[in-house]
Amino acid sequence: MKEFEKVAQSWLEGDFDQKVKMQVLELRNSDPAQFEDAFYRNLEFGTGGLRGIMGVGTNRMNRYTVGMASQGLANYIRGHVKGDDLRICISYDSRNNSKEFARIAADVFSANGLHVFIFDNIRPTPELSYSIRLKKAVAGVMVTASHNPKEYNGYKVFWSDGGQITSPVDKDIVAEVAKVSDPSLVKFTPGDDAGPVDVMGRDVDEKYLSDILSLSLSPEACERHADLKFVYTPLHGCGVRLVPECLKRLGFKNVIHVPEQDVSDGDFPTVVSPNPEEPAALEMALEKAEATGADIVMATDPDADRMGIAVRDDSGRMVLFNGNQTASMLTYYILTRRKERGTLGKGRYVVKTIVTTELISDICASFGVPVHNVLTGFKYIAEVVKRNEPDGEFVCGGEESYGFNVGQFVRDKDAQIACIMVAECAAWAADRGLTLYQLMQKIYAEFGYRREGLVSLVRKGISGAAEIKGIMDNLRANPPKYLCGSPVNRVIDYLEPEKTGQPASDVLQFFDEAGDVVSVRPSGTEPKIKFYFGAKGEDADSKIEELKAQFA
């Protein structure tokens, strides 16, 4: 009997409910490949928490893996944090089983004597981040798989600063979770000494909305252009609760919904994938924009931390902005307005990830504002914010994967804040006779044209993981000598922290003399390897196609 079969047999013979045992038997008999994948390893609790396909098995998201992760986190908190009232906040999105997993986590934390604050319904990831500091909690958990396909769910862990866990806390929690080797070690049911469970609701919403709306830089422009038309879709997720309210409170009168996608549904019935990075996800919103003559389309992912937009070009056609363009445009707008308002003094800074466009660096340099480059993931942006308190002030930060944030209320990417900024940027641009498309062209004219591209190769299962490793090994052994005919003059291997000044990470970057860059990294949350392409110059569009052909 193979090892994974022994593990599966322990589920059939162990203290698992009959329904679960029947599901194990069905999987074994109907799909041997998926049966092996479900039991060949434990679902890894990584430095960001859990993420995986839902179902039975040790390598799946289910009540047992969620319970074991929660027990490990509770053990770490009880063993490393002093205090009589150790608090933890919990939120969840619209995915299938998110509410159940959140409830299981709440029960485990309560059973371990922690004081639990849980939202009464779905709420965005950034509001969970906000609630942690509001409630003076030690940690927080968000049940979400972000923009992954419907088969997935996840479990993100945040720390007391409101940011996702980073070193050394992340590795220590991972080690503690690893000690919970069996569901029998989990306190699933609160007893007489259980910690209290308090429900968060509209009271937290109001504080959150008040704070993020205070970030507005152009209220007068919003008032002058209150008739701008926006189509907004939450893609069946959390954003429906707060994004329309944000736009309404800014004064905009024409916020047009896509009714079918306002329905919070973990099956995401109107899209193949609820990811605003994918053009297909915005099809219904774009159709609504054409039918209503809307100026701008905004879409948020299921946990409302990422946002994608479409704007009208000079011919009136709707065109999609990528994450690099949106982040660059908003950075330019925010720095310009802060300079105009006299609030861009010493100590202000911007943060971006290493795979995000260098256009942001060029924009910041023109304002004399320093830029911090960090590894991929907004938790590293939050870490810079924490490190620079209280002397420095985080102005804004972004990543190419459609994440953006402004100010210090939230320590993660925030689609609510991003929607606020896009809307008022549109009003500010309109004051100057510009559309958002024209504003982006103005930025290119001033700082030089850049174009970006992304290719993700999906490689599933054991063989896929081996293939991804082989690709990275080969690129390390045989780095490219040229990009689009231009000599490669710099290679950065982020597995060498002593050279990069960053935590070790399986990422490679290749730079050429013309200003082009290719970054390669295996995804930390999906069975993918990602190739990020950045090209500079008037021929950047054709360069991107060359780079895709060269690498992917």
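This structure is a prediction, so every number in the text was calculated from the model and none was measured. In this chain, numbering begins with 1 at the start of the sequence shown.
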Would you compute the distance between atom [atom1] of [X] and atom [atom2] of [Y] and round it to the nearest 0.5 angstrom?
{"X": "Glu223", "Y": "Leu250", "atom1": "CD", "atom2": "CG", "answer": "12.0 Å"}
{"X": "Leu213", "Y": "Ile420", "atom1": "CG", "atom2": "CD1", "answer": "4.5 Å"}
{"X": "Leu217", "Y": "Leu215", "atom1": "CG", "atom2": "CG", "answer": "7.5 Å"}
{"X": "Phe447", "Y": "Ser361", "atom1": "CZ", "atom2": "OG", "answer": "11.5 Å"}
{"X": "Phe409", "Y": "Ser214", "atom1": "CZ", "atom2": "OG", "answer": "3.5 Å"}
{"X": "Ile381", "Y": "Phe394", "atom1": "CD1", "atom2": "CZ", "answer": "6.0 Å"}

Does [X] use its side chain to pair, donor to acceptor, with the backbone of [Y] at less than 3.5 Å?
{"X": "Lys543", "Y": "Lys536", "value": "yes"}
{"X": "Thr336", "Y": "Tyr332", "value": "yes"}
{"X": "Thr65", "Y": "Arg60", "value": "yes"}
{"X": "Asp305", "Y": "Asp414", "value": "no"}
{"X": "Asp295", "Y": "Lys229", "value": "yes"}
{"X": "Arg451", "Y": "Asp539", "value": "no"}
{"X": "Ser146", "Y": "Asn148", "value": "no"}
{"X": "Asn153", "Y": "Asn96", "value": "yes"}
{"X": "Ser129", "Y": "Arg411", "value": "yes"}
{"X": "Gln509", "Y": "Ile354", "value": "yes"}

Do we see a donor-acceptor contact under 3.5 Å between the side chains of [X] and [Y]?
{"X": "Gln261", "Y": "Thr233", "value": "yes"}
{"X": "Asn322", "Y": "Glu400", "value": "no"}
{"X": "Ser273", "Y": "Asn275", "value": "no"}
{"X": "Tyr532", "Y": "Thr376", "value": "no"}
{"X": "Asp314", "Y": "Tyr437", "value": "no"}
{"X": "Ser218", "Y": "Tyr333", "value": "yes"}
{"X": "His236", "Y": "Thr270", "value": "yes"}
{"X": "Ser328", "Y": "Gln325", "value": "no"}
{"X": "Arg306", "Y": "Ser401", "value": "yes"}

Whether Phe252 and Phe230 hold their rings parallel, tilted or perpendicular, with breakpoints at 30° and 60°: perpendicular
Ring geometry between Tyr444 and Tyr449 (parallel below 30°, tilted from 30 to 60°, perpendicular above 60°):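 Plane angle over 60°, so perpendicular.
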What's the shortest heavy-atom distance between [X] and [Y], and which atoms?
{"X": "Asp93", "Y": "Met142", "result": "N-CE, 3.7 Å"}
{"X": "Phe321", "Y": "Tyr402", "result": "O-OH, 3.5 Å"}
{"X": "Pro274", "Y": "Pro302", "result": "O-CD, 3.3 Å"}

Do [X] and [Y] come within less than 4.5 Å of each other through their side chains, counting heavy atoms only?
{"X": "Phe35", "Y": "Ser30", "value": "no"}
{"X": "Pro522", "Y": "Lys528", "value": "no"}
{"X": "Ile334", "Y": "Phe404", "value": "yes"}
{"X": "Ile90", "Y": "Leu128", "value": "no"}

Chi angles and distances behind the salt bridge (Lys or Arg N to Asp or Glu O under 4.0 Å) call for Asp120, Arg202: CA-CA 9 Å; Asp120 60 0; Arg202 194 62 192 173; over 6 Å; no
Residue Glu26 excluded, over 12 heavy atoms near CD under 6.0 Å: no
Glu206 atom CD, over 12 foreign heavy atoms within 6.0 Å: yes
Residues Asp161, Arg133; criterion salt bridge (Lys or Arg N to Asp or Glu O under 4.0 Å); working and verdict: CA-CA 6 Å; Asp161 64 320; Arg133 291 197 297 155; over 6 Å; no
For [Y], is there an ion pair with [X] - N to carboxylate O distance below 4.0 angstrom?
{"X": "Glu245", "Y": "Arg249", "answer": "yes"}
{"X": "Arg312", "Y": "Glu290", "answer": "yes"}
{"X": "Asp203", "Y": "Lys207", "answer": "no"}
{"X": "Asp267", "Y": "Lys150", "answer": "no"}
{"X": "Asp303", "Y": "Arg123", "answer": "no"}
{"X": "Lys460", "Y": "Asp37", "answer": "no"}
{"X": "Glu383", "Y": "Lys379", "answer": "no"}

Distance flag, aromatic centroids of Tyr92 and Phe101, threshold under 6.0 Å: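 Not close enough - the centres of the two rings lie 6.0 Å or further apart.
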Full working for salt bridge (Lys or Arg N to Asp or Glu O under 4.0 Å) between Arg103 and Glu100: CA-CA 5 Å; Arg103 190 71 252 175; Glu100 178 191 351; over 6 Å; no
For Met298, the option from Val255, Leu247, Val231 that meets side chain to side chain contact (heavy atoms under 4.5 Å, CB included):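 Among Val255, Leu247, Val231, the one meeting side chain to side chain contact (heavy atoms under 4.5 Å, CB included) with Met298 is Leu247.
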Option passing side chain to side chain contact (heavy atoms under 4.5 Å, CB included) with Met61 (candidates Met54, Arg95, Glu151, Arg51):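 Going through the options one by one, the only one that passes is Met54.
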